[in-house]
Structure formats: structure tokens, C-alpha cells
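Both backbone and side-chain heavy atoms feed into the values below; hydrogens, waters and symmetry mates do not. Numbering of residues begins at 1 and proceeds along the displayed sequence.
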Amino acid sequence: MLAAAARLAALRGTCLLSGPGGGRGLRSGRARSDTDNMKPLEGIKILDMTRVLAGPFATMNLGDLGAEVIKVERPGAGDDTRTWGPPFVGRESAYFLSVNRNKKSIAVNIKDPKGVKIIKELAAVCDVFVENYVPGKLSAVGLGYEDIDKIAPHIIYCSITGYGQTGPLSQRAGYDTVASAFGGLMHITGPKDGDPVRSGVAMTDLATGLYAYGAIMAGLIQRYKTGKGLFIDCNLLSSQVACLTHIAANYLIGQKEAERWGTAHVSIVPYQAFKTKDGFLVVGVGNNQQFATVCKILNLPELIDDPKYKTNHLRVQNRKELIKILSARFEKEMTSKWLYLFEGSGVAYGPINNMKEVFAEPQVLHNDLIMEMKHPTAGKIAVPGPAVRYSKFKMSEARPPPLLGQHTTHILKEVLRYDDKAIGELLSAGVVTQHEAE
């Protein structure tokens with residue numbers, strides 16, 4: 001026990017953290033001459049106890065900025081999404097591969113007290129602790145915020161749940177589809193006269209992941225100012241309700257209940273998809289000048305000065321008749337013809353692309369949105385790349401998503417300074433597992 005404490009003290013002393021290291025904020029990282037390419041989170045360690053989508057998406061974004069992400073997984077099973085398929089590439093699901101790049105995997109049984117001890121030791125030398133268990137689950141094994149704060153007062157502890165830490169629904173399991181229904185998104189998504197539908201990707205999960213990502217960055221800045229860590233309560237319901245924005249304001253301010261509009265917009269006309277001879281074209285008209293431009297492109301100049309359509313307010317009032325006229329015109333030409341005619345018009349427009357078309361788009365390719373990696377068992381894989389570019393550093397070649405327990409012995413040895421004998425005993429007891437090279 002004394003040896004373990006001494007080891008942790010030594011490890012802490014190498015870090016510029018609030019507390020034993022003497023620093024009061026972000027780690028400075030090693031001295032480098034190429035500071036123009038230093039990533040902002042280099043030297044920051046993230047202890048990632050999340051699975052599925054919201055949490056892994058948040059930590060992947062942190063990893064893209066240079067943080068070292070240590071992903072904790074269940075021995076033998078790992079992240080739930082490892083089995084979510086098809087499609088699979090070998091034994092790896094495309095779902096798991098999509099949100100777990102730039103991470104190291106350690107497989108630890110947190111139901112075993114020795115496993116809990118390992119997590120606490122990792123927390124003591126990490127900057128951020130992220131988890132998405134039902135409130136109280138980690139506290140029951142000694143890994144709640146109060147437990148971690150005692151040994152790592154510098155920690156930014158982010159908890160991602162379905163409904164929040166307290167309240168009547170806090171103990172419910174949280175999944176994107178349910179949260180999107182409960183939080184109003186499903187009510188406003190789908191055809192006007194049809195049933196509510198789920199969005200094509202888990203937008204509530206992804207929005208929550210982005211909120212968590214931003215909150216963790218804010219927590220690191222707060223620690224820089226105060227020298228102290230903090231607890232972050234991030235949940236699917238709150239994220240979804242916050243993202244209702246103007247739809248929510250329409251109700252809260254004007255008592256206007258929301259309804260489904262398909263691809264159309266409740267407050268702007270025309271602003272929707274139109275069927276063409278061979279597909280669909282989405283057109284968004286933000287002002288009267290753009291409406292006039294659209295009328296000229298469609299060879300419908302008589303609509304420009306029609307008193308029923310001169311302003312957006314009037315166009316919204318007379319939506320049904322106007323959309324009928326525009327729809328009939330759009331259906332007479334191929335999508336490619338409309339794309340040619342709208343080019344350079346100043347009007348927002350675009351086709352509804354399938355995945356093949358998305359990743360063949362010149363702008364998608366120009367923005368480096370296809371990230372290729374060589375996976376140890378799946379071979380060459382490609383996933384969507386980071387959405388943001390920075391002027392002072394570039395996203396380096398990403399590390400592929402880890403195999404389950406791929407880095408267990410590495411983390412125990414290099415991060416926690418365990419010797420071979422101690423690691424062997426943990427492996428033999430099943431407290432941890434290490435992926436064996438195939």
C-alpha cells in the first residue's frame with residue numbers, strides 16, 4: 001500500500017496539475033520548437049469510462065485535439081457498440097470504429113476491488129474523468145465524484161446520463177431514441193401529415209457529446225483559473241431541450257405549439273426540398289431578393305411582384321399555393337439541370353445526397369472529411385474526419401480505434417508504473433485482460 005502511494009506521488013509530481021505537482025491548471029507539455037503545430041490538449045489525460053455514442057464522441061473529439069484518452073472497458077465484452085452490427089470488418093463493428101479513434105483500451109473489472117483501485121490510481125494521474133453510468137452506480141463501487149475528488153481534487157469529472165443526476169427520472173436508462181421523443185425532437189420530425197420519425201443519426205446523443213466536450217474544455221479553463229477541479233452534469237434530456245432553440249421559443253414566448261413540417265420550415269417559405277425529374281433539390285430562400293432570383297431561375301417572373309408573395313410573411317401565409325406552383329416547375333427538369341442553373345445565384349441550394357454521393361462531393365474531399373487509418377485486425381478503414389480546422393496546428397495521422405484491452409499492460413506499466421509481477425497477478429486473477437496479438 002505504501003509502495004502504491006509512493007508511486008502515485010511520484011507520478012503526480014511529473015504533472016503540472018493543481019495539487020501535488022505545484023501547477024494550477026492545464027499541463028504545459030514538453031518543450032518543443034515546433035509550437036505552431038502543438039495541439040491544445042497535448043499532455044492532458046482523459047480517463048474515459050463511457051460507452052455507446054455520446055461519451056465516446058466527446059472523448060474522441062478531445063483526442064483529436066491531442067489529449068491522451070484511456071478508454072476503460074469491461075473484460076470480455078467491452079463497449080456495447082463492439083457488437084452493434086452489421087456491418088462488421090472482421091470482428092470489429094463499423095459503429096465502434098466510427099467514434100473511438102485516438103484512444104487506448106484497458107480492460108478492467110470494476111466489480112473487483114482491485115479493479116476499482118486501478119481506476120482510482122488512473123484518476124489520480126489524469127486530468128479528466130468521463131463516465132455515463134446511471135446515477136449512483138459508480139458511487140456504489142467507490143468511483144463516484146465524491147470518491148474521486150478525495151484522491152484527485154484537480155479532476156474534471158463529467159457525468160453523462162439520460163435525465164440528470166437528480167429528479168424523478170434520474171434512475172431511468174437513457175437512450176437517444178427515447179430522449180429525442182421525450183425532449184420534443186421526434187414530435188417535430190417527419191412528414192406534415194405523417195407519423196413522428198427518428199432522425200437518421202442519433203442527434204440527441206451527438207449533441208450531448210458536443211455539450212460534454214465543450215463543458216470539459218470549460219472545466220479545464222476553470223481549473224486554470226482556480227486550481228480546482230469540478231463536477232459536470234451533462235444529460236441527454238437537457239441537451240435535447242436546449243437544442244429546440246427557436247421551436248421552443250415559439251412556444252415559450254408565443255404559446256405556439258410545434259408541428260411537423262417534413263423538409264419545410266415553419267417560418268420561412270420557400271425553404272424545403274423539391275422533387276425533381278430524377279431526385280430532390282433543397283432550396284432555402286432567406287430574403288425577398290433571393291425569392292426574386294429563384295423566380296427568375298425557374299422562369300416564373302410573374303411571381304416576383306405578385307402581392308401574395310412579396311414578403312416572407314405573405315409567402316408563409318400563402319404557402320400551400322406557392323409551393324404547388326414551385327413544385328410543378330421543379331419536377332420538369334433533372335436535378336443536374338437545376339444545380340447548373342442555381343450555380344453562382346447566391347441562393348442556398350443543394351441535392352439530397354446518399355452516402356456514396358456525400359463522400360464523392362469535391363467539397364467533402366477538400367475539407368478532409370474522410371480519415372483513413374490502418375487497423376491492426378480490420379486493415380485499412382475510413383471514418384468521418386474532424387469537422388473543424390485550426391490555423392496553428394494540423395490534425396496528425398490518427399491512431400485507429402483500439403482492440404478490447406489492447407493497451408492494458410502498457411497502461412499499467414507506463415502510466416501506473418506496475419511491475420511485471422503485479423501485472424501478471426492481475427491478469428491471472430481476471431481483474432484485467434490484455435488483448436493477445438493474432
Side-chain angles (χ1 to χ4, degrees), residues 1-17 19-21 27 30 43-51 59 63 67-79 82 100 102-131 133 137-155 157 229 376 399 401-438:
M1 193 72 180
L2 290 174
R7 185 175 66 248
L8 283 177
L11 289 170
R12 288 172 175 170
T14 64
C15 307
L16 290 180
L17 298 171
R27 302 182 186 197
R30 64 186 185 279
I44 295 294
K45 279 188 170 65
I46 312 290
L47 185 57
D48 179 8
M49 296 191 66
T50 68
R51 64 265 190 229
T59 56
E68 179 181 358
V69 181
I70 298 172
K71 183 177 179 71
V72 178
E73 299 190 74
R74 292 173 295 164
D79 191 312
R82 286 186 181 274
N100 284 288
N102 290 327
K103 300 178 185 180
K104 298 174 182 177
S105 173
I106 179 172
V108 182
N109 179 10
I110 64 170
K111 293 181 180 179
D112 188 305
K114 293 180 181 178
V116 171
K117 177 174 173 288
I118 289 171
I119 300 303
K120 286 185 174 181
E121 290 177 345
L122 284 171
V125 296
C126 284
D127 301 278
V128 179
F129 187 116
V130 195
E131 57 89 7
Y133 287 76
K137 287 287 186 181
L138 286 186
S139 294
V141 297
L143 293 175
Y145 174 63
E146 297 78 8
D147 306 296
I148 300 301
D149 182 52
K150 291 175 183 176
I151 60 170
H154 63 273
I155 206 80
Y157 191 115
R399 295 190 305 275
L403 302 171
L404 174 57
Q406 180 180 345
H407 305 95
T408 297
T409 58
H410 168 81
I411 291 168
L412 292 174
K413 184 177 291 187
E414 301 299 326
V415 178
L416 295 183
R417 301 290 193 262
Y418 276 52
D419 59 30
D420 291 339
K421 180 182 177 182
I423 293 172
E425 290 173 351
L426 291 169
L427 289 168
S428 297
V431 177
V432 301
T433 58
Q434 167 68 40
H435 187 279
E436 296 299 331
E438 299 178 359

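Using a 4.5 Å heavy-atom cutoff, the side chains of Leu426 and Val108 are not in contact. By the 4.5 Å heavy-atom criterion applied to side chains, Lys120 and Ile148 are counted as neighbours. With contacts defined as side-chain heavy-atom distances shorter than 4.5 Å, the pair Pro402/Lys104 does not qualify. Using a 4.5 Å cut-off on side-chain heavy atoms (C-beta onward), Ile46 and Ile70 make no contact. Looking at heavy atoms from C-beta onward, Ile106 lies out of side-chain contact with Val415 at the 4.5 angstrom threshold.
In this structure, Gly78 and Glu73 approach most closely via the heavy-atom pair CA-OE1, 3.4 Å. Nearest heavy-atom pair across His407 and Gln434 is C-OE1, 4.0 Å. The two residues Ala152 and Ala124 have their closest heavy-atom pair at CB-CA, 4.1 Å. Residue Ser105 comes nearest to Leu403 through the heavy atom pair CB-O, 3.3 Å, listed as atom of the first residue, atom of the second, then distance. The two residues Met49 and Tyr133 have their closest heavy-atom pair at O-CE1, 3.4 Å. Looking at every heavy atom in both residues, Val125 comes nearest to Leu416 through CG2-CD2, 4.2 Å.
In this structure, Glu121 pairs ionically with Lys117, as a charged nitrogen and a carboxylate oxygen lie closer than 4.0 Å. Of the charged side-chain nitrogens involved, none lies within less than 4.0 Å of a carboxylate oxygen, so that Lys114 and Glu425 do not count as a salt-bridged pair.
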>> Would Lys71 and Thr59 count as a side chain to side chain donor-acceptor pair (under 3.5 Å) here? Give the steps.
In response: CA-CA 9 Å; Lys71 183 177 179 71; Thr59 56; over 6 Å; no
>> Pair Val116, Leu143 - check side-chain contact (heavy atoms from CB on, under 4.5 Å), show working.
In response: CA-CA 7 Å; Val116 171; Leu143 293 175; 3.8 Å; yes
> Which is it for Leu138 and Asp147 under the side-chain contact (heavy atoms from CB on, under 4.5 Å) test, yes or no, and what are the steps along the way?
Replying inline: CA-CA 9 Å; Leu138 286 186; Asp147 306 296; over 6 Å; no
>> Test side-chain contact (heavy atoms from CB on, under 4.5 Å) on Leu427 and Val432; report intermediate values, then the result.
In response: CA-CA 5 Å; Leu427 289 168; Val432 301; 3.7 Å; yes
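Within the model, atoms CD of Glu414 and OG1 of Thr409 stand 9.0 Å from one another, a figure rounded to the nearest 0.5 Å. For the atom pair CG (Asp79) and CG (Leu404), the distance works out to 9.5 Å, reported to the nearest 0.5 Å.
Each of Ile119, Leu122, Val72 was checked for a side-chain contact (heavy atoms from CB on, under 4.5 Å) with Phe129, and the lone residue meeting it is Ile119. Evaluated for a side-chain contact (heavy atoms from CB on, under 4.5 Å) with Val69, the options Lys103, Lys45, Arg399 yield exactly one hit, Lys103.
Partners of Ala422 according to the side chain to side chain contact (heavy atoms under 4.5 Å, CB included) rule, which considers only residues two or more places apart in sequence or in another chain, are Tyr418, Asp419. For Lys137, the side chain to side chain donor-acceptor pair (under 3.5 Å) test picks out no residue, with sequence neighbours left out.
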